[in-house]
Engineer: 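Supplied in structure tokens, the structure appears directly below.
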Amino acid sequence: MKLFEHAQQIEQMTEIAQLWDTCLAVLSEHGVDFVIYNTVDANGDNPFVLTNVPEIFATVDPTNDPFLAHCCTSYEIWSTGPEFLPDYDYLPPAAKAFISAASRTGFRAGLGIPMRLEGSERYGGFNIGTQLNRAAFEAQILPLAEDFRFFCLLMHRRIEELSRDGLTTQSDDFRALLVAPENAVLANLSPREKEVIYLVAKGVSRKECARLCGISPNTVAEYTKSAYRKLGVQNRVEVANLVTRSTG
């Protein structure tokens, strides 16, 4: 099963513990051994952490996770773990020590995937790791980076909703928290057009897109048509190519 095909299962869950267990199981099916979810508020405080390697923060406050500094300034997926440490000579000693210490858990190479939702001030993301060496990781996991991003965005939104008393929709019934990542090509679209077109680009059906947005299939079609016109594309394949080339 492809990662995005778990969307309906995610949306039906009403408890964070159940959601997290599902997250770990799905990512494990796709070769991920370690999962760290760490978000903070707009001031960099009040961390919310979920992980299957709690020892990673045994001696480090989650607010000092070096990945959070990256999330402040970029939406780019970051290669993480000791295997990639030589690429980051500019990091301060404390950050290098934190990354090196990850090797004691078996975490060798991973993806740091920033999360920031339209409608929420919290930021942070997922750091998903493997026991693979760099070459194997780049061959097996890195090509799926955008698929992992989409799955993690859906997870992040559902966690945020459940932690905010089940928030799902605005007064006019569109989903309150939007998952579409920053993308220069989509900058001229409205937030809702951007949300719909991102889902379309990821291969989500009109019916599923409607459910994920909290709107009708006809409304999805209206947003899609408007976005296609603004982007100068005519079909799903063209918009998928456009979004894939420019995300990050």
Side-chain angles (χ1 to χ4, degrees), residues 1-12 26 30 71 73-78 111-123 125-126 141-161 164 167-248:
M1 181 179 290
K2 295 181 179 179
L3 280 161
F4 81 85
E5 293 175 346
H6 293 276
Q8 185 172 359
Q9 181 184 12
I10 293 169
E11 299 298 321
Q12 291 175 341
V26 170
H30 289 81
C71 295
T73 59
S74 176
Y75 208 85
E76 183 180 357
I77 295 176
W78 197 26
L111 294 176
I113 309 175
M115 300 278 112
R116 189 184 293 267
L117 302 175
E118 181 86 23
S120 174
E121 293 184 348
R122 294 189 68 84
Y123 69 92
F126 281 82
I141 302 296
L142 195 57
L144 300 175
E146 287 301 326
D147 292 334
F148 282 118
R149 187 207 295 271
F150 186 41
F151 173 78
C152 288
L153 278 166
L154 296 179
M155 274 288 172
H156 174 50
R157 176 167 65 181
R158 194 65 188 131
I159 291 170
E160 283 279 281
E161 288 175 341
R164 294 170 62 178
L167 173 66
T168 55
T169 59
Q170 295 178 337
S171 58
D172 53 356
D173 295 331
F174 204 99
R175 201 72 172 263
L177 301 179
L178 309 183
V179 301
E182 294 178 9
N183 188 309
V185 167
L186 306 183
N188 291 330
L189 303 184
S190 72
R192 295 178 178 190
E193 289 171 338
K194 188 187 302 182
E195 180 81 349
V196 168
I197 215 65
Y198 176 65
L199 296 174
V200 167
K202 299 307 294 182
V204 176
S205 69
R206 182 184 297 183
K207 181 178 179 180
E208 181 69 2
C209 185
R211 194 182 58 76
L212 288 171
C213 292
I215 55 179
S216 71
N218 287 338
T219 303
V220 168
E222 292 172 4
Y223 279 119
T224 303
K225 182 178 179 180
S226 175
Y228 277 12
R229 183 177 66 253
K230 291 180 180 180
L231 294 172
V233 298
Q234 297 182 343
N235 55 54
R236 182 189 294 267
V237 173
E238 290 181 7
V239 80
N241 289 335
L242 193 65
V243 170
T244 299
R245 287 198 305 269
S246 57
T247 299

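Numbers for residues simply follow the sequence, beginning at 1.
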Engineer: Do His6 and Phe151 have side-chain heavy atoms sitting under 4.5 Å apart?
Structural biologist: yes
Engineer: If you look at every heavy atom in Tyr75 and Val179, which pair is closest and at what distance?
Structural biologist: OH-O, 4.3 Å
Engineer: Measuring from Glu160:CD to Met155:CE, what's the distance to the nearest 0.5 Å?
Structural biologist: 14.0 Å
Engineer: Are Phe150 and Leu199 side-chain neighbours, meaning at least one heavy-atom pair lies under 4.5 Å?
Structural biologist: yes
Engineer: Would you mind checking if Glu11 and Arg175 are paired as a salt bridge, meaning a charged N to carboxylate O distance below 4.0 Å?
Structural biologist: yes
Engineer: Could you pull out the closest heavy-atom pair between Ala210 and Pro217, with the gap in Å?
Structural biologist: CB-N, 3.7 Å
Engineer: To the nearest 0.5 angstrom, please state how far the CG atom of Leu186 sits from the NZ atom of Lys230.
Structural biologist: 11.0 Å
Engineer: Is the shortest heavy-atom distance from the side chain of Cys152 to the side chain of Met115 under 4.5 Å?
Structural biologist: yes
Engineer: Look up atom OG1 in Thr219 and atom CZ in Arg206, then write down how far apart they are to the nearest 0.5 Å.
Structural biologist: 10.5 Å
Engineer: Which heavy atom of Ala201 sits nearest to which heavy atom of Val239, and what is that distance?
Structural biologist: CB-O, 4.2 Å
Engineer: With heavy-atom distances below 4.5 Å as the criterion, would you say the side chains of Tyr123 and Pro114 are in contact?
Structural biologist: no
Engineer: Does the Glu238 side chain pair with the main chain of Gln234, one donor and one acceptor, at a distance under 3.5 Å?
Structural biologist: yes
Engineer: With no hydrogens and no angle check, is any side-chain donor or acceptor of Arg157 less than 3.5 Å from a backbone partner on Leu117?
Structural biologist: no
Engineer: Please identify each residue that fulfils side-chain contact (heavy atoms from CB on, under 4.5 Å) with Ala145, with sequence neighbours left out.
Structural biologist: Ile77, Leu111
Engineer: Can you name the nearest heavy-atom pair linking Ala227 to Ile197, along with the distance?
Structural biologist: CB-CD1, 3.7 Å
Engineer: Keeping Glu195 on the side-chain end and Ala180 on the backbone end, is there a donor-acceptor pair under 3.5 Å?
Structural biologist: yes
Engineer: Does the side chain of Tyr228 come within less than 4.5 Å of Glu193's, by heavy atoms?
Structural biologist: no
Engineer: Enter the distance from Glu146:CD to Leu153:CG here, rounded to the nearest 0.5 Å.
Structural biologist: 9.0 Å
Engineer: Does this structure show an ion pair linking Arg158 with Glu161, if we count only N-O contacts that are shorter than 4.0 Å?
Structural biologist: yes
Engineer: For Arg236, look at atom CZ and say whether over 12 heavy atoms of other residues, nucleotides or ligands are found less than 6.0 Å away.
Structural biologist: yes
Engineer: Taking side chain as C-beta onward, heavy atoms only, is Leu142 less than 4.5 Å from Phe148?
Structural biologist: no
Engineer: Quick one: CD on Glu222 to CD1 on Ile215, what's the gap to the nearest 0.5 Å?
Structural biologist: 9.0 Å
Engineer: Does any non-hydrogen side-chain atom of Asn188 lie less than 4.5 Å from one of Leu231?
Structural biologist: no
Engineer: Identify the heavy atoms of Leu154 and Ala7 that sit nearest to each other, and give their distance.
Structural biologist: CD1-CB, 3.7 Å
Engineer: Does NZ belonging to Lys207 count more than 12 external heavy atoms closer than 6.0 Å?
Structural biologist: no
Engineer: Val200 and side-chain contact (heavy atoms from CB on, under 4.5 Å): which partner among Thr224, Val243, Asn235?
Structural biologist: Thr224
Engineer: Got a second to check how far Cys71's SG is from Phe126's CZ, nearest 0.5 Å?
Structural biologist: 11.5 Å
Engineer: Could you report the tightest heavy-atom contact between Lys194 and Pro181, atom names first, then the distance?
Structural biologist: CD-O, 4.3 Å
Engineer: Can you check whether Ser120 reaches Arg164 side chain to side chain, under 4.5 Å on heavy atoms?
Structural biologist: yes
